[in-house]
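One structure below.
This chain uses plain numbering: 1 for the first residue, then up along the sequence.
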Amino acid sequence: RRMHNKSFTIDNQVTIIGGRNVGDEYFGAGEGVMFADLDVMAIGPVVDQVSDDFDRYWASESSYPVSSLLPAVPAEAIDELERLAARIEKDPAAARYVRAVFESPLLHQLLSGSQTFEWAATRMISDDPAKGLGLAAPESSFPLRLGDTLGTPASQLQLVSPYFVPMQQGVEVLTALAAQGVQITVLTNSLEATDVAAVHAGYAKRRVPLLEAGISLYETKRSASVPVASDRGLPGSSGSSLHAKTFSVDRERVFIGSFNLDPRSAALNTENGFVIDSPSMATSIADLLARRAGEGAYQVRLDERGDLQWVERDEDGREQVHEQEPGAGFWRRIAVAILAMLPIEWLL
């Protein structure tokens, strides 16, 4: 169990909610694998809800002062930290990153007061912190509340989740929706792009029934670009991995938050996020998924024999068809196949 919530709130005036962790690879800083993420910035009454929720977790029985868990830090360790910070501050890569931030159009819009907001009804959903101790009431679970708030799709459902493990129950729900005429599109990580191969194993075993039901599956390439500061002359990354979590329903409502479509988020993690009644934002998410699926993802499909294929399209629409998981080595594919046979899906 762990707290998986993500929020960043300043002076009870503005808050940022999404899937992003605080780490270099989530902000396009560095040369390793970067995570493509999604956040929403909000002002208005919902900020108080986020702030109150922070206080609820802070005061919960799962929260401990760090001084009760870790020994006191010696003075020489603090001195070394200060020396390290000074070296980083003088590093040319750090200087380029800071310059990219200051050149960001978003920063200039915020400082000048010209940033526009869309006013929309927004509802915060958050797990009871008692879930971290296994003591939360079943009716308070995040998936139930999210489903009730988003409502049943009538025509379209777009799902973006880096870790997508629907399990048998999820396959049945999605299959039933597809049978009712709902167009369902899922974007998740490919085996080459995921940072958790075991989770991919839980997804891989469900691909065929989902495709047979007419559900569209796309898997992000490791080579897909991350639109971050690296586009402004910073060192390039060695690849990208999808980390955004968002759902668009009927191009009318959208969820943005920390919740993955997997058993761990549903049963073990605590999660949070916003459901926003905004046709424009929901449409933007759907359109973004369509662009991402065309440019930076493999389309997974079944051939005439019912075997999986991965279709890669270039800028001119030409297709390259892969008969096995692209970009993944033999032993990685074997490991996933073995993991898929183990009874560990509920842990993923």
Side-chain angles (χ1 to χ4, degrees), residues 18-21 23 25-28 30-39 157-166 170 174 184-207 210-211 215-228 230-231 236-248 254-262 264-265 284-301 308-315 317 319-329 332-333 336 340 348:
R20 193 182 311 268
N21 295 308
E25 62 270 30
Y26 297 92
F27 289 86
E31 299 179 3
V33 174
M34 298 291 112
F35 289 101
D37 231 310
L38 179 70
D39 313 294
L157 175 62
Q158 288 87 20
L159 305 173
V160 178
S161 181
Y163 314 118
F164 177 59
V165 185
L174 293 173
I184 302 175
T185 304
V186 178
L187 176 65
T188 189
N189 274 314
S190 63
L191 179 55
E192 69 169 350
T194 186
D195 61 327
V196 188
V199 173
H200 188 84
Y203 152 70
K205 65 197 296 183
R206 306 295 179 185
R207 283 184 292 213
L210 290 171
L211 291 168
I215 295 168
S216 299
L217 298 181
Y218 293 89
E219 297 178 4
T220 296
K221 302 176 186 177
R222 182 183 173 92
S223 61
S225 62
V226 181
V228 291
S230 57
D231 297 334
S237 75
S238 60
S240 66
S241 182
L242 179 69
H243 198 255
K245 309 97 164 49
T246 183
F247 321 138
S248 176
V254 63
F255 166 80
I256 298 174
S258 67
F259 180 77
N260 291 307
L261 281 165
D262 62 17
R264 174 168 289 278
S265 279
S284 294
I285 293 297
D287 292 343
L288 177 64
L289 190 153
R291 291 197 303 273
R292 188 78 174 183
E295 300 169 359
Y298 306 105
Q299 181 181 5
V300 187
R301 70 185 185 191
L308 290 169
Q309 291 182 330
W310 288 260
V311 181
E312 183 176 7
R313 295 181 176 87
D314 62 19
E315 296 178 354
E319 292 186 356
Q320 179 182 358
V321 179
H322 303 269
E323 302 296 335
Q324 58 188 15
E325 307 238 24
R332 187 170 174 85
R333 297 198 305 271
V336 166
L348 301 178

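- Annotation: side chain of Asn260 is in contact with side chain of Pro162 (closest heavy-atom distance under 4.5 Å).
- For the ring pair (Phe, Tyr, Trp, His ring centres under 6.0 Å) test, residues two or more places apart in sequence or in another chain that qualify with Phe247 are Phe255.
- Note that OG of Ser190 is 9.5 Å distant from CZ of Arg222, once rounded to the nearest 0.5 Å.
- In this structure, Leu210 and Phe164 have side chains that are in contact, with non-hydrogen atoms separated by less than 4.5 Å.
- A donor-acceptor contact shorter than 3.5 Å is absent between the side chain of Ser241 and the backbone of Phe35.
- Using a 4.5 Å heavy-atom threshold, the side chains of Leu159 and Leu174 count as touching.
- Electrostatic pairing of Lys221 and Glu312 counts as a salt bridge here, judged by a charged N lying under 4.0 Å from a carboxylate O.
- Rounding to the nearest 0.5 angstrom, the gap separating the CG atom in Leu187 from the CD atom in Gln299 is 12.0 Å.
- Closest non-hydrogen pair, Val336 versus Ala201, comes out as O-CB, 3.5 Å.
- With Thr188 contributing its side chain and Ser161 its backbone, the two residues share a donor-acceptor pair below 3.5 Å.
- Residues His243 and Glu25 are not in side-chain contact: their nearest non-hydrogen atoms beyond the backbone lie 4.5 Å or more apart.
- Here CZ of Arg332 is found 9.5 Å from CD of Glu325. Values are rounded to the nearest 0.5 Å.
- With 3.5 Å as the limit, one finds a donor-acceptor pair spanning the side chains of Tyr26 and Asn21.
- For the salt bridge (charged side-chain N to carboxylate O under 4.0 Å, His left out) test, residues two or more places apart in sequence or in another chain that qualify with Arg313 are Glu319.
- Note that CG of Leu211 and CG of Leu308 are 6.5 Å apart. Values are rounded to the nearest 0.5 Å.
- Here Asp39 contributes atom CG and Arg20 contributes atom CZ; the two are 4.0 Å apart, rounded to the nearest 0.5 Å.
- Two residues are said to be in side-chain contact when any heavy atoms from C-beta on lie closer than 4.5 Å; Val321 and Arg301 meet this criterion.
- With a 4.5 Å cut-off on side-chain heavy atoms, Asn189 and His200 do not count as touching.
- The closest side-chain heavy-atom distance from Asp262 to Tyr203 is not below 4.5 Å.
- The distance from atom CD of Gln324 to atom CD of Gln309, rounded to the nearest 0.5 Å, is 12.5 Å.
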